[in-house]
*Asks:* 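Right, I'll just put the structure down here and ask away after.
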Amino acid sequence: ALRIALVLLTSVQMLFVIALSVFISAHANPRGDGMEFVAVGAAIMLLELPFTVPAFILAVKGRALGVAAGLAGFATFAYVVFALQVYAELTAKAAV
């Protein structure tokens, strides 16, 4: 049960990067410099590669499920904080 839950959780985390890209594309300033998309690179480099991918590999192989659960748990927390920050940045009203 833990193995299946971890595979599903890490799969959803990997889909988050795609959803983040779509959200940023929809809310980015069309006349801006495109720096909003740096958030996608940061999510991949800081969360996806060091935490989600190893947790997914461990869960698929069925080894070290405790370590995989720890990695996936931290990644879930970090993705939520990251998503809230990106949402706040992209939906904030600019003071003119």
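Numbers for residues simply follow the sequence, beginning at 1.
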*Asks:* Does I18 sit in a hydrophobic cluster with other residues, and if so which ones, taking ILVMFWY side chains as linked at heavy-atom separations under 4.5 Å, directly or through other members?
*Replies:*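 Cluster partners of I18: L15.
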*Asks:* Would you compute the distance between atom OG1 of T76 and atom CG of L47 and round it to the nearest 0.5 angstrom?
*Replies:*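 T76 atom OG1 to L47 atom CG measures 10.0 Å (nearest 0.5 Å).
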*Asks:* Decide yes or no for I57 and K61: does some side-chain heavy atom of the first lie under 4.5 Å from some side-chain heavy atom of the second?
*Replies:*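 They are in contact (side-chain heavy atoms under 4.5 Å apart), so the answer is yes.
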*Asks:* Give the cluster check for Y87 versus V17: same hydrophobic cluster or not, with ILVMFWY residues linked at side-chain heavy-atom distances below 4.5 Å.
*Replies:*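 Yes, Y87 and V17 fall within the same hydrophobic cluster.
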*Asks:* Membership question, hydrophobic clusters at under 4.5 Å side-chain separation (ILVMFWY): are L49 and V40 in the same one?
*Replies:* yes
*Asks:* Can you name the closest pair of heavy atoms from V7 and A59 and give their distance?
*Replies:*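 Closest approach of V7 to A59, heavy atoms only: CG2-CB, 3.8 Å.
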*Asks:* Which heavy atom of A68 sits nearest to which heavy atom of A55, and what is that distance?
*Replies:* O-CB, 3.6 Å
*Asks:* Counting distance only, does the side-chain N/O of R3 pair as donor-acceptor with the main-chain N or O of V60 below 3.5 Å?
*Replies:*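 Judged by distance alone, yes, a pair lies under 3.5 Å.
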*Asks:* Looking only at atom types and distance, does a side-chain atom of R63 sit under 3.5 Å from a main-chain N or O of L58, one as donor and one as acceptor?
*Replies:*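 No; zero donor-acceptor contacts below 3.5 Å.
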*Asks:* Could you tell me if the side chain of F82 sits less than 4.5 Å from the side chain of L20, heavy atoms only?
*Replies:* yes
*Asks:* Could you tell me if the side chain of E48 sits less than 4.5 Å from the side chain of M14, heavy atoms only?
*Replies:*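 In short, these two side chains touch, coming nearer than 4.5 Å.
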*Asks:* Out of curiosity, L6 CG to Q13 CD, how far, rounded to the nearest 0.5 Å?
*Replies:*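 One finds 9.5 Å between CG of L6 and CD of Q13.
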*Asks:* Does any non-hydrogen side-chain atom of S25 lie less than 4.5 Å from one of F37?
*Replies:* yes
*Asks:* Can you tell me if CD1 on I4 sees more than 12 non-hydrogen neighbours from other groups inside 6.0 Å?
*Replies:*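 12 or below, so no.
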*Asks:* Knowing that exactly one of F77, F56, F74 qualifies, which makes a ring pair (Phe, Tyr, Trp, His ring centres under 6.0 Å) with F51?
*Replies:*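 The ring pair (Phe, Tyr, Trp, His ring centres under 6.0 Å) with F51 is passed solely by F74 among F77, F56, F74.
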*Asks:* Evaluate Y79 against T52 for side-chain contact (heavy atoms from CB on, under 4.5 Å), listing each step before the verdict.
*Replies:* CA-CA 10 Å; Y79 276 125; T52 301; 3.3 Å; yes
*Asks:* Working to the nearest 0.5 Å, report the span between CD of E36 and CD of E89.
*Replies:* 10.0 Å
